[in-house]
Amino acid sequence: MMNRSRYTRAAALGATATLALGLAACSSGGDDGDGVTITWWHNATSDPLQGLWADVAAEFEADHPGVTVEVTGYQNEDLQRTLIPNALQSGDAPDLFMVWPGGEVRSQAEAGHLMDLTDVAADTIDEIGNAVMPWQVDGAQYAIPYAFGATGIWYNKQLFEQAGIEETPETLSELEDAVADLKEIGVAPIAVGAGDLWPAGHWWYQFAISSCSTETLQTAIPELDFSDPCWVEAGERLEDFLAIEPFNEGFLATPAQTGADSSNGLIANGNAAMEFMGPWNAGTIGSLTTDGEVPEWLGWFPFPSIEGAEGDPGIIMGGGDGFGISADAPEETVELLQYIMSEDVQRRFAETGAGIPTHPGAADAVADENLAASAQALAEASYVQLWLDSALGPAFGGPLNQSIVNIFAGSGTPEDVVATLEQTADAQ
């Protein structure tokens with residue numbers, strides 16, 4: 001499944017090599033004979049975020065004599081789909097690791113893999129405030145988010161200007177007009193990394209939250225009830241949008257964030273004008289430019305409203321990344337997590353441009369104007385829906401996203417997506 005953390009999905013390791021390295025790196029926290037070793041897995045594989053986490057680990061070691069922090073970044077899909085699940089199943093999990101909200105944290109908590117942080121990290125939880133709620137299970141806190149933001153459309157201002165697009169689209173019809181204008185100047189209007197499945201999934205998710213009422217989303221997702229016709233309507237709207245051929249050539253095999261030919265790379269090198277992604281995108285696009293910097297021409301706007309859709313026009317889709325602690329991790333791991341979530345480290349995270357921090361005291365450290373716009377859109381939203389694969393849980397991500405990609409490929413139908421949801425629910 002996605003995730004869509006989704007924050008900072010960059011330079012991929014081969015899946016086989018990553019798995020071998022990951023299992024080797026998981027030496028388990030605890031007493032190594034001379035002190036305590038904490039293993040920490042995250043999904044930052046390029047600077048600036050990879051460097052920040054390395055600095056944080058070194059700083060913690062300096063302040064805690066006898067403690068060693070083995071910190072390793074892995075490509076996001078490998079981490080979520082393979083490395084963490086395998087490590088948890090083997091009983092040799094890292095001490096501190098990425099945990100995604102909704103169904104994922106619930107599944108890991110109910111399996112007994114996660115430490116209950118409710119009491120041991122109470123002060124940090126109180127400091128973060130309401131952002132912690134998607135990582136709660138039955139009122140207990142099992143992970144703490146360091147980043148949370150909205151999904152929106154990232155775009156190249158220069159290409160918009162060349163195509164004569166004076167205002168960012170506010171309706172789906174205007175987005176379709178922009179697609180036509182961009183085709184006229186010979187660039188791909190929208191990049192999508194359907195090869196990684198979840199980026200294509202985002203499009204169906206957006207059509208679903210626009211087609212379904214908030215009440216339906218609030219009841220259908222936890223009850224796994226997909227009988228409302230809005231779920232089929234989401235696929236029908238996606239089919240209508242696909243009919244205008246808005247995406248890059250070869251999108252079915254395009255990865256999301258790995259290399260110049262990825263959807264991120266197409267944006268970074270000016271071969272595509274837009275991409276529908278989360279708030280990590282500035283950092284991942286910046287990592288693929290020639291100078292490794294976030295380009296000045298990069299802009300952001302919320303997904304346009306969809307005329308005739310029955311969903312709440314003020315809804316927005318988003319999510320974030322958090323860290324949880326293995327149930328049997330050494331107690332020093334809690335202190336490390338609290339340091340990661342401190343106002344100082346959160347401010348430094350904000351300054352990297354890799355995402356939107358969750359600590360209220362770090363809000364003014366978000367210097368990137370696009371991230372600031374994303375944060376404002378999130379704050380003004382009437383309802384925030386977690387990415388649907390995150391909300392539904394790990395069992396749904398792969399099958400759901402594959403059924404959506406089948407629509408992109410012309411080999412699946414809107415009804416097939418709903419059937420996949422129902423079949424996965426029945427197997428729970």
Side-chain angles (χ1 to χ4, degrees), residues 1-19 43-46 73-85 100 151 153-154 179 187-207 235 238-239 241-278 280-281 283-289 317 319 387-390 394 396-413 416-417 420:
M1 81 183 269
M2 157 178 99
N3 304 326
R4 283 165 238 4
S5 111
R6 294 165 161 318
Y7 279 87
T8 310
R9 309 164 179 273
L13 298 170
T16 303
T18 303
L19 176 59
N43 66 350
T45 57
S46 64
Y74 298 102
Q75 199 273 340
N76 190 77
E77 278 66 37
D78 293 337
L79 188 67
Q80 187 175 29
R81 294 174 179 171
T82 307
L83 292 171
I84 290 176
W100 287 273
T151 304
I153 296 182
W154 298 82
V179 166
V187 298
I190 305 173
V192 63
D196 282 331
L197 302 185
W198 60 265
H202 276 201
W203 284 89
W204 184 88
Y205 303 165
Q206 183 63 48
F207 286 122
L238 176 58
E239 284 185 321
F241 189 68
L242 286 166
I244 69 171
E245 299 183 349
F247 297 114
N248 55 288
E249 184 177 350
F251 59 81
L252 289 174
T254 300
Q257 297 162 328
T258 55
D261 293 330
S262 67
S263 57
N264 273 177
L266 294 175
I267 300 295
N269 60 35
N271 288 327
M274 292 181 278
E275 186 179 25
F276 184 41
M277 273 284 174
W280 60 84
N281 221 36
T284 55
I285 289 172
S287 71
L288 293 171
T289 59
M317 183 169 64
W387 296 297
L388 292 183
D389 57 352
S390 291
F396 285 84
L400 172 59
N401 290 334
Q402 182 61 65
S403 67
I404 294 167
V405 169
N406 290 345
I407 294 180
F408 275 71
S411 60
T413 69
D416 290 340
V417 176
T420 296

Just to verify, what does Thr289 make a side-chain hydrogen bond (donor to acceptor under 3.5 Å, both in side chains) with, not counting sequence neighbours? Asp291
So which heavy atom on Met317 is nearest to which on Gln206, and how close? CE-OE1, 4.0 Å
Quick one: closest heavy-atom pair of Asp261 and Leu266, and the distance? O-CG, 4.4 Å
Can you name the residues that form a side chain to side chain contact (heavy atoms under 4.5 Å, CB included) with Asp416, not counting sequence neighbours? Thr413
With a 4.5 Å limit on heavy-atom distance, are the side chains of Ile267 and Trp154 in contact? no
I'd like to check the side chain to side chain contact (heavy atoms under 4.5 Å, CB included) partners of Pro189; sequence neighbours left out, ordered by chain and number. Val179, Leu182, Lys183
Between CH2 of Trp198 and CG of Asn76, what distance do you get to the nearest 0.5 Å? 7.0 Å
Okay, side chain of Ser263, backbone of Ala256: is any donor-acceptor separation there less than 3.5 Å? yes
What residues form a side chain to side chain contact (heavy atoms under 4.5 Å, CB included) with Ala188, not counting sequence neighbours? Asn248, Ala272
Contacts of Asn271 that satisfy side-chain hydrogen bond (donor to acceptor under 3.5 Å, both in side chains) - sequence neighbours left out: Asn269
Give a yes or no answer on whether the side chain of Asn406 reaches the backbone of Ser411 with a donor-acceptor pair at less than 3.5 Å. no
Using the rule side chain to side chain contact (heavy atoms under 4.5 Å, CB included), only one of Leu197, Asp196, Leu388 pairs with Asn401; which is it? Leu197
Checking the side chain of Asn281 only, and the main-chain atoms of Met277 only, is there a donor and an acceptor separated by less than 3.5 Å? no
Check side-chain hydrogen bond (donor to acceptor under 3.5 Å, both in side chains) between Glu239 and all other residues, then give those that pass, not counting sequence neighbours. none
Kindly indicate whether the side chain of Val192, heavy atoms from C-beta on, has any atom under 4.5 Å from the side chain of Thr254. no
Is a donor from one side chain sitting under 3.5 angstrom from an acceptor on the other, for Asn264 and Glu275? yes
Let me confirm one number: the CG-NE2 distance from Asp389 to His202, rounded to the nearest 0.5 Å. 6.5 Å
Under the criterion side-chain contact (heavy atoms from CB on, under 4.5 Å), I'd like the reasoning laid out for Leu242 against Phe408: C-alpha separation, chi angles, the key distance, then a yes or no. CA-CA 7 Å; Leu242 286 166; Phe408 275 71; 3.7 Å; yes
dist Met274:CE -> Ile190:CD1 (nearest 0.5 Å) comes out at 4.5 Å
What verdict does the side-chain contact (heavy atoms from CB on, under 4.5 Å) test give for Ile404 and Phe207, after you've listed the backbone C-alpha separation in whole Å, the side-chain angles of each residue and the deciding distance to 0.1 Å? CA-CA 12 Å; Ile404 294 167; Phe207 286 122; over 6 Å; no
Side chains of Tyr205 and Leu400: does their closest heavy-atom pair fall under 4.5 Å? yes
Ring pair (Phe, Tyr, Trp, His ring centres under 6.0 Å) partners for Trp203, two or more places apart: Phe241, Phe247, Phe276, Phe303
Scanning both residues in full, the closest heavy-atom pair of Ser262 with Gly259 reads OG-O, 2.6 Å
Suppose we screen for side-chain hydrogen bond (donor to acceptor under 3.5 Å, both in side chains). Which residues come up paired with Thr151, at least two apart in sequence or across chains? Trp387
